[in-house]
Amino acid sequence: MSMSNDTVQGARPQAGLPSVSTEVRVRHFLKLLTSYWVSSDWMFAWFGTAFLLCGKYIVIYLSVQANNWQHSFYDAVQNKQIDLFLPLVIKFFLINGGSALAVVLDLYFYGMFSMRWRTVLTTEYVARWMRNNGFYSMERAALIDNPDQRIAEDIRDFTNSVMAIVVGLFGSITAGISFGSVLWSAAAPIRFLIAGYHISIPGDMLWYSLLYTALTTGAIIWVGRPLISRTMRQQQVEADFRFGLIYIRRNAEQIAFLNAASTEVQSLREAFDHIRKNYHRLIFAQMGINLTQHAFGNIGQVLPLFLTIPRYFAGTLTFGGIMAAQDAFRQMTSSLSFFYQAFQSFAQQIANVNRIWAFDQVLERKGATDIQIIRDGDDTISTRGLRLDFYNNASLTIGEWTILPGQRWVVMGPSGIGKSSTMRAVAGLWPDGAGVVQVPSQGLTMFVPQRLYLPIGTLKNAICFPASPERYADDQVISLLSVVGLEKHAPRLHESRSWADQLSPGNSSDWPWSASCCTGRIALSSMRPPAPWTWRTRCTSTPPCLSGCRPSP
């Protein structure tokens, strides 16, 4: 092996994503939005959509009936029509009961719809994240922050809210048409004089509601412009702080041994300080939106009264007409004001979609490696013209190398020369370089990492990992524990816990070995961290498994 300082051609680009047009992001949003309706769960998707839209229509229909009821009820009260009182009371309970039932069914079905949609998207993104060790490449190159949050939280928030926005938009259009007709029937013409001409525009209440909605929406958009960027920033700093907490949990023993708690506390304080500062900015943005909504909301409550009471005094409108017009105005402006009322939800969804879009771009990236991995029927592991490229414009040339069945190799050298990178290249994990790596196509090639890893689950899962525990009977696993002197753990075979933390990773009597499955047989490989990093073949089956991590005698 030799190290050269030649300039690496086509070095890895800087991590990050190029800026794209709004059109590209809109296309991604539409693809993300419509993917569920062409998924494996498409039948429920279409049925659920139809149910939610019909449910929204029923709720609006009952609201219109409630508006008509107000008109009839208050007219009956004004005219002292006692014979109509009881039928109107019964009609009220029927309308109210039907509306309550529709709302409850809508809530239940919407929850089911959101969870099934989330299941489809989560399954897809987890598979893409894990495919071809993409999760490793993403972390190694620091291509994106907190992919776990994007899968667990951003997709959850997207599926929980976006359908409510879509159905709400449909409802706002339907309600606007329905209550617009009510306002039109109760409206008087708008009359004014321009240049000596008398102008009369019918439907004053309808036009006033449209003008009121336009002014309110414009004010909300202007005041709430910073909310989207600050929401995205809050998601990022919250995820960074949570990752810091998780990282301390993962390394609790090391931190305790180093007596470094105070240092980690300071690090957490700095991370939380980012949350606090951005949260203050986020509060100011939300305060502006809430203040505007409150001011215009109060105006909207009394504006229809101010507009209709003069007609009541003139005797052209009944008291029931006033109450019906007020309710219709409120319903009309509420439906037309759907955008500004849901502005914070829009801001949250835009932030979620942007984060999912960035995650998609990283998942779709192709590695720029020229290292070719060939799997054939040979029992050997070999390399041809293998060269590894590094960030510092240096390269490691390995050239020709062959490992025959039964051979044991030790890779030694000073720190930083590329021992671990060589293992990554043979495993197909190194992205930069050139050459060919040939590995057996049959059997299992296993690498034991420098840092102990055991899955969370039962002890049997940990022993059989990465194979499925169902492949081996309990008696086989207990027999293996006896072979390595760990029979005392046999009663704990089906206990679930973090075994990497429970059992010592060192070469001690407590946990000196791990069991790994190889070509249908069980092989033992030491899990003691190497010094320096070494590897050897230890599998007794054919073809051999590349495992390692024990210093050579």
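Just the heavy atoms: all of them, side chains too, but no hydrogens, waters or symmetry mates, feed the values below.
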Taking the inter-plane angle between the rings of Trp409 and Trp401 on a 0 to 90° scale, is it parallel (under 30°), tilted (30 to 60°) or perpendicular (over 60°)?
perpendicular
Could you tell me if Arg276 sits above the aromatic ring of Tyr279, with its cationic atom closer than 6.0 Å to the ring centre and no more than 45 degrees from the axis?
no
Do you know which two heavy atoms are closest between Ala239 and Gln149, and how far apart they sit?
CB-OE1, 3.2 Å
Are any non-hydrogen side-chain atoms of Ile155 and Arg118 less than 4.5 angstrom apart?
yes
Write down the atom of Ala490, the atom of Ile478, and the distance for their closest heavy-atom approach.
CB-CG2, 4.0 Å
Pick from Asn461, Thr458, Asp474: which one makes a side chain to side chain donor-acceptor pair (under 3.5 Å) with His494?
Asp474
Taking all heavy atoms of Pro491 and all of Lys488, pick out the closest pair and write down the distance.
CD-O, 3.4 Å
Is it true that Glu153 and Arg355 make a salt bridge, defined as a side-chain N closer than 4.0 Å to a carboxylate O?
no
Would you confirm whether the ring centroid of Phe47 sits within less than 6.0 angstrom of the ring centroid of Phe113?
no
Any side-chain to backbone donor/acceptor pair from Thr383 onto Gly399? Under 3.5 Å, distance only.
yes
One pair to check against side-chain contact (heavy atoms from CB on, under 4.5 Å): Val353 and Leu33. What are the steps and the verdict?
CA-CA 10 Å; Val353 170; Leu33 179 65; over 6 Å; no
Only one of Gln286, His280, Arg281 passes side-chain contact (heavy atoms from CB on, under 4.5 Å) with Arg230, and that residue is Arg281
Return the minimal non-hydrogen interatomic distance between Ser39 and Tyr36, and the atom names on each side.
OG-O, 2.7 Å
Answer yes when Lys277 and Asp273 have at least one side-chain N-carboxylate O distance shorter than 4.0 Å, and no when they do not.
yes
Any non-hydrogen side-chain atom of Ile356 less than 4.5 Å from a side-chain atom of Tyr125?
yes
Taking only distance into account, with no hydrogens and no angle test, what donor-acceptor pairs under 3.5 Å do side-chain atoms of residues 256-267 form with protein atoms, sequence neighbours excluded?
none

Asp240-His274 side chain donor-acceptor pair, cut-off 3.5 Å:
no
Closest contact, heavy atoms only, Gly418 versus Thr422:
O-OG1, 2.7 Å
Report yes if the side chains of Leu121 and Phe158 come closer than 4.5 Å at any heavy-atom pair, otherwise no.
yes
